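The model shown is predicted, which means the values in this text are computed figures rather than measured ones. Each ligand, and each atom within it, is numbered from 1 in the order the structure gives.
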Amino acid sequence: MLQTRKEDLAGARKPTAFGDMRGWIDALRAAGELHEVNSEVDWNIELGTIMRLAQGPGTGKALLFDNIKDYNKKTSRCRRIFGSSLNSYRRIAMMLGLPPDTHPRELVKIGRTLLTGSIPPKIVATGPVKQNILKGKDVDLTAFPAPWWNRVDGGRYLQTYGGCVTQDPETGVMNVGVYRGMVADKTHMPILMWRAQHIGHHYTAWQNGGKAEMPIAIAMGWEPALAFVGGSPVPKGVCEYDVIGAIRGAPVELTKCETNDLYVPAAAEIVIEGFLGLDPKTYLMEGPYAEFTGYVAGDKAPKPTIRVTCITHRDDPILRGTIEGSMPGSYSENAVTSSIMRAATAWNVLDRSGVPSVTDVWCPPVQAGINVLIRMKQSYRNQAKQAANALWGSSAAHVRYKHVTVVDDDIDIHDYAAVDWAIANRVNAGENDIVIMPATFGLGLDPSTRKRDRNPALFGTGKWNRLLIDATMNLDYDPDPDFGGARFPPTVWPEQADVDKAYARWSELGLGKPTG
Ligand SMILES: Cc1cc2nc3c(=O)[nH]c(=O)nc-3n(C[C@H](O)[C@H](O)[C@H](O)COP(=O)(O)O)c2cc1C
């Protein structure tokens with residue numbers, strides 16, 4: 001349970017530019033992190049099922065499917081799908097230019113500064129993504145092998161992990177986020193977009209400017225940092241392209257879209273360009289979808305829809321896709337990346353709010369940051385409450401941090417048994433260790449919230465009753481003279497001198513090598 005800390009690895013990062021998604025795939029292949037599926041696989045349910053089963057609890061390899069039913073002819077516009085690349089801490093470390101065995105604890109620490117780096121992008125006249133430019137009647141979303149990922153989905157999702165680019169009409173700053181998109185027909189893609197997300201802020205700003213549509217582009221398939229940063233809570237007003245540049249240590253080369261003024265990575269595999277309708281009359285039916293909670297969520301409802309005006313793509317493009325929804329034994333890319341970045345963000349929020357002595361923060365990957373664990377060295381009473389209030393008062397808590405558990409510094413929050421032990425023996429519900437913060441904003445996809453309260457059209461967002469489990473030793477208790485002035489008794493673990501003495505005799509006692 002007692003934790004030895006590894007040294008800080010932030011300085012060990014060697015930012016790596018892979019060039020494009022093909023460079024990243026080559027790097028994964030060379031590292032033995034890629035599995036190529038050459039046998040024919042059906043885009044209809046089968047591919048999604050294989051991806052979900054193969055990902056394991058962060059143990060599966062990245063997958064490249066190159067023989068997709070109905071899309072495997074020489075003449076097929078797109079014949080390959082690449083996924084499962086970021087649902088492993090080894091591959092996240094590789095992306096960041098770190099040793100592959102870097103512990104997630106270190107990744108969280110490094111994650112704390114990743115979103116504040118900035119190398120501005122470089123504008124280039126053209127690039128591989130312009131090898132094929134499809135406009136007018138040539139625009140056809142169905143020419144791409146969008147999987148019907150799960151039997152429960154409401155349609156075929158082409159956009160699962162592409163960077164969705166929009167622009168603030170006042171400042172001109174672009175935002176890149178990951179927002180799911182379903183194929184409605186050849187030229188229309190409804191997306192799921194909450195008003196509290198940065199795309200939602202842009203949506204409102206364009207609406208307030210009296211516009212009927214706003215420009216949008218989705219860049220699918222580039223270096224891993226595109227989706228990683230797109231799905232991370234980059235602060236408002238900061239352009240994700242700047243952050244991606246800092247992660248890879250070189251500017252992102254951007255080229256202008258053909259039919260609007262947005263910029264996309266010049267070496268992206270596929271770019272969908274168009275305009276997002278701001279008038280509810282233009283909304284098309286979208287959902288439901290297997291969501292990140294591991295439940296079917298986001299009801300079938302009319303949603304803001306992209307009117308596609310152009311598709312550009314590389315020769316023989318590779319579609320980037322991801323299977324959403326994390327469950328025990330099968331961790332999605334969103335879950336694993338979120339476990340790092342939502343923990344790092346929470347730690348930064350705590351620091352900015354002045355919560356002292358936080359020594360570790362962790363969001364176990366199976367739930368992607370809905371639960372957060374905080375480890376701290378308390379110096380005054382009820383610091384755990386200060387921590388929970390700081391998190392819940394921040395915009396970072398919009399779809400995360402429903403349950404906050406705080407433990408003392410002797411508990412390793414990467415060890416479920418240690419956390420469970422602390423909850424069992426240090427929590428007293430009658431002494432204010434359990435605190436409910438009722439009726440806050442929350443996740444509209446959480447099935448534990450009543451269906452009516454999940455309706456973003458009625459309420460703008462979901463509704464969460466949040467919970468603090470204060471599993472620290474209660475400093476409200478009087479110091480106990482029997483325990484040398486401590487509030488809690490000593491644990492049964494032997495003193496170090498006794499441990500050393502026992503281990504010195506270990507092999508003589510026939511117990512082999514000491515494991516402690
Ligand atoms: C695979 C994946 C799918 C996502 N789908 C959606 C979605 O459909 N709608 C949404 O609002 N956020 C979705 N998100 C979360 C956003 O990408 C995330 O909150 C991001 O920070 C939003 O960008 P922003 O901070 O620029 O608003 C998804 C994230 C990932 C990784």
Side-chain angles (χ1 to χ4, degrees), residues 48 51-52 55 83-87 92 111 114-115 149 153-155 157-168 173-182 189-205 216 218-220 224-244 276 286-294 297-299 301 303-304 306 320-326 331-342 344-345 365 368-370 394-401 441-445 456 460-462:
M51 213 183 256
R52 191 177 297 290
Q55 60 190 359
S84 287
S85 115
L86 289 176
N87 50 6
I92 291 176
L114 281 181
L115 304 184
W149 294 95
D153 292 346
Y157 278 81
L158 180 61
Q159 157 55 4
T160 52
Y161 216 15
C164 187
V165 187
T166 55
Q167 190 169 36
D168 186 318
V173 173
M174 281 185 285
N175 185 75
V176 186
V178 179
Y179 312 103
R180 75 187 198 201
M182 196 183 100
M189 184 192 283
I191 62 170
L192 172 70
M193 170 221 88
W194 291 305
R195 285 296 181 118
Q197 305 283 55
H198 295 154
I199 189 175
H201 296 196
H202 290 179
Y203 188 96
T204 307
I216 190 162
I218 305 180
M220 297 172 178
L226 176 71
F228 178 78
V229 174
S232 296
V234 175
K236 192 179 175 192
V238 175
C239 177
E240 277 79 357
Y241 287 137
D242 296 4
V243 176
I244 296 167
L276 188 69
E286 191 263 6
Y289 183 58
E291 262 298 346
F292 83 94
T293 54
D299 297 331
K303 308 258 168 58
I306 302 174
R320 178 67 164 99
T322 196
I323 184 109
E324 256 296 21
S326 194
Y331 299 171
S332 67
E333 295 186 84
N334 189 0
V336 177
T337 52
S338 287
S339 72
I340 302 294
M341 294 312 292
R342 302 290 169 166
T345 302
I370 290 177
S394 107
S395 59
H398 173 227
V399 291
R400 295 298 198 281
Y401 318 140
F441 69 169
L443 172 65
L445 302 173
T461 181

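A donor and an acceptor atom, one from each side chain of Gln197 and Tyr203, are nowhere located under 3.5 Å apart.
Among all protein heavy atoms, the one lying closest to atom 20 (C) of ligand 1 is Gly230 O, 3.4 Å. Among all non-hydrogen protein atoms, the one lying nearest atom 29 (C) of ligand 1 is Asn334 ND2, 3.7 Å. Of all protein heavy atoms, the one closest to atom 5 (N) of ligand 1 is Val178 O, 3.6 Å. Counting protein heavy atoms only, atom 12 (N) of ligand 1 is closest to Gln197 NE2, 3.1 Å. Tyr179 CD2, 3.3 Å is the protein heavy atom nearest to atom 10 (C) of ligand 1. Of the protein's non-hydrogen atoms, the one nearest atom 9 (N) of ligand 1 is Leu192 O, 2.9 Å.
Within the structure, ligand 1 has Glu240 among the residues with a heavy atom less than 4.0 angstrom away. Using 4.0 Å as the threshold, His398 has no heavy atom nearer than that to any atom of ligand 1.
Residue Ile216 holds its CD1 atom at 9.0 Å from OH of Tyr179, rounded to the nearest 0.5 Å.
On a distance-only criterion, Asn175 and ligand 1 share at least one N/O pair closer than 3.5 Å.
The closest donor-acceptor contact from the side chain of Asn87 to the backbone of Ala335 lies at 3.5 Å or more, if one exists at all.
Residues passing the salt bridge (Lys or Arg N to Asp or Glu O under 4.0 Å) test with Glu291 are Arg180, sequence neighbours excluded. Residues meeting the side chain to side chain contact (heavy atoms under 4.5 Å, CB included) test with Ser338, sequence neighbours left out: Asn334, Arg342, Ala368, Arg400.
Salt-bridge annotation for Glu324 and Arg52: absent, with no side-chain N of the basic residue lying under 4.0 Å from a carboxylate O of the acidic one.
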